[in-house]
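Values reported hereafter were calculated over all heavy atoms of this structure, with side chains retained and with hydrogens, waters and symmetry mates removed. Note that ligands are numbered from 1 as they come in the structure, with each ligand's atoms numbered from 1 the same way. Note that the coordinates shown come from a computational prediction; the quantities given were computed from them, not determined experimentally.
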Amino acid sequence: MTRTALVTGANRGIGHETARRLADLGFRVLVAGRDADACRDTAAALREAGGDAEALTLDVTDPAAGETLAGLAVDVLVNNAGIFPDYGVSVFDVAETTVRDAFEINFHGPLRIARALVPGMIERGHGRVVNLTSGYATLDGMGGTLTAYRTSKAALNALTCILAAECESRGDVKVNAVDPGWVRTNMGGPQAPRSPAEAAADVVHAATLPADGPTGRLLKRGEPVSWNQGN
Ligand SMILES: NC(=O)c1ccc[n+]([C@@H]2O[C@H](COP(=O)([O-])OP(=O)(O)OC[C@H]3O[C@@H](n4cnc5c(N)ncnc54)[C@H](OP(=O)(O)O)[C@@H]3O)[C@@H](O)[C@H]2O)c1
């Protein structure tokens, strides 16, 4: 039976590469993004490469996103969409709106989408959720600046644990966070040591964990690591 994967922010960066790899593995991929034309182009390119893909216009900040997703049977959810809006900005200077925007996209988006899709996974007895997090979010070793990014991703880490706990003993539903390291994307910039392909391999690993794999964990390079492992 064909499994379905939904990847948010799938038109570029780590999300795009993850969508491509999941399509190569035989998943039907829902290419989710806020730019409808870009989603159509990405889905068309995946189909041209022999995959099964459909475009899904989805801004994760849309309060109606849950209704858009209602009724979709999704086996793998990759909460990849994210922003990194306050690099180098002091906690004393960051605008409140910047912090709110980061929470809206990096935390409320995944919460909204998980609430729409995970109950279906529990009903069907199987599912994988992967939340893209960052070493900047871990509490031990957390430095100054990046208040919006760090706190919104730390909240996402907490959500990962809460969701995993509520899914435990309710079928084979696993919820993990992946720290992809520093990656060469629009967000990471050209100096980053890791390629989107390397990061996507980590995400796909978490998206395809076997039944005896971990849940409620932070995964780095495919291995569970301490939630306190900071940058
Ligand atoms: N790059 C790194 O070094 C690094 C390190 C640790 C963690 N991460 C995490 O990995 C994830 C992907 O990062 P990346 O490096 O691939 O970043 P990227 O190249 O900047 O891509 C970000 C993606 O998020 C999408 N997005 C932003 N706001 C959205 C919204 N409101 N609704 C839907 N989609 C939205 C963007 O869509 P548009 O094309 O429409 O803007 C884009 O597809 C992020 O969660 C990031 O925090 C990245």
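Side-chain atoms of Thr2 and Arg28 include no donor-acceptor pair closer than 3.5 Å. Asp179 and Thr133 are not linked by any side-chain donor-acceptor pair at a separation below 3.5 angstrom, with hydrogens and angles left out of the test. The closest side-chain donor-acceptor pair between Thr8 and Asn80, if any, does not fall under 3.5 angstrom. Under the 3.5 Å distance criterion, with hydrogens and angles disregarded, a donor-acceptor pair is assigned to the side chains of Thr61 and Asp59.
Contacts with ligand 1 closer than 4.0 Å are made by side-chain heavy atoms of Lys153 only, the backbone lying farther away. Residue Thr8 does not touch ligand 1, judged by heavy-atom distances below 4.0 Å. For Asp35, no heavy-atom contact with ligand 1 is shorter than 4.0 Å.
From the protein, the heavy atom lying nearest to atom 22 (C) of ligand 1 is Gly82 O, 3.7 Å. Protein heavy atom nearest atom 15 (O) of ligand 1, with residue, atom name and distance: Thr185 OG1, 2.5 Å. The nearest protein atom to atom 31 (N) of ligand 1, hydrogens excluded, is given as Asp59 OD1, 2.9 Å; this is a heavy-atom distance. Nearest to atom 16 (O) of ligand 1 among the protein's heavy atoms is Ile14 N, 2.9 Å. Remark: minimum distance from atom 34 (N) of ligand 1 to any protein heavy atom is reached at Ala81 CB, 3.4 Å. The protein atom (non-hydrogen) at minimum distance from atom 3 (O) of ligand 1 is Val183 N, 2.8 Å. From the protein, the heavy atom lying nearest to atom 32 (N) of ligand 1 is Val60 N, 3.1 Å. Of the protein's non-hydrogen atoms, Leu58 O, 3.6 Å is the one closest to atom 33 (C) of ligand 1.
Those atoms of ligand 1 with a heavy atom of Trp182 less than 4.0 angstrom away are 3 (O). Taking every non-hydrogen atom of Thr61 and a distance limit under 4.0 Å, the qualifying atoms of ligand 1 come out as 31 (N). Remark: ligand 1 atoms within the under-4.0 Å shell around heavy atoms of Pro180 are 5 (C), 6 (C), 7 (C), 8 (N). The ligand atoms of ligand 1 that sit less than 4.0 angstrom from a heavy atom of Gly13 are 16 (O), 19 (O). Contact atoms of ligand 1 toward Arg12: 18 (P), 19 (O), 20 (O), 21 (O), 36 (C), 38 (P), 39 (O), 41 (O), 42 (C), 43 (O) (distance under 4.0 Å to a heavy atom of the residue).
Remark: among candidates Gly9, Ala65, Pro110, the nearest residue to atom 43 (O) of ligand 1 is Gly9, based on non-hydrogen atoms. The residue from Ala199, Gly181, Gly188 that puts a heavy atom closest to atom 4 (C) of ligand 1 is Gly181. Relative to atom 13 (O) of ligand 1, the option among Arg194, Arg34, Met187 with the closest non-hydrogen atom is Met187. Between atom 7 (C) of ligand 1 and the options Asn186, Val178, Thr133, the minimum heavy-atom separation is to Thr133.
Ring-plane geometry between Phe84 and Tyr149 is classed as perpendicular, the angle between the planes exceeding 60 degrees on a 0 to 90 degree scale with a lower cut at 30.
At a 4.0 Å cut-off, at least one heavy atom of Asn80 sits close enough to ligand 1 to count as contact. At least one heavy atom of Tyr149 sits closer than 4.0 Å to an atom of ligand 1.
A donor-acceptor pair is defined here as one N or O able to donate and one able to accept, closer than 3.5 Å; such a pair exists between the side chain of Thr18 and the backbone of Ile14. For the pair Arg128 (side chain) and Asp172 (backbone), a donor-acceptor distance under 3.5 Å is present.
Proximity of Leu219 to Asn176: side-chain heavy atoms (C-beta onward) are separated by under 4.5 Å at one or more points.
When each of Val76, Val129, Val175 is paired with Met121, the side-chain contact (heavy atoms from CB on, under 4.5 Å) condition holds for Val129 and for no other. For the side chain to side chain donor-acceptor pair (under 3.5 Å) criterion with Asn11, the lone passing option out of Thr42, Asp37, Asp41 is Thr42.
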Checklist entry - Which is it for Arg194 and Asp202 under the salt bridge (Lys or Arg N to Asp or Glu O under 4.0 Å) test, yes or no, and what are the steps along the way? => result CA-CA 11 Å; Arg194 297 200 89 209; Asp202 295 348; 2.8 Å; yes
Item to check | Glu104/Arg100 under salt bridge (Lys or Arg N to Asp or Glu O under 4.0 Å): CA gap, chis, key distance, verdict | outcome: CA-CA 6 Å; Glu104 211 20 73; Arg100 282 184 207 284; over 6 Å; no
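In this structure, Arg3 satisfies the cation-pi test against Phe27, with its NZ or CZ atom closer than 6.0 Å to the six-membered ring centre and inside 45 degrees of the ring normal.
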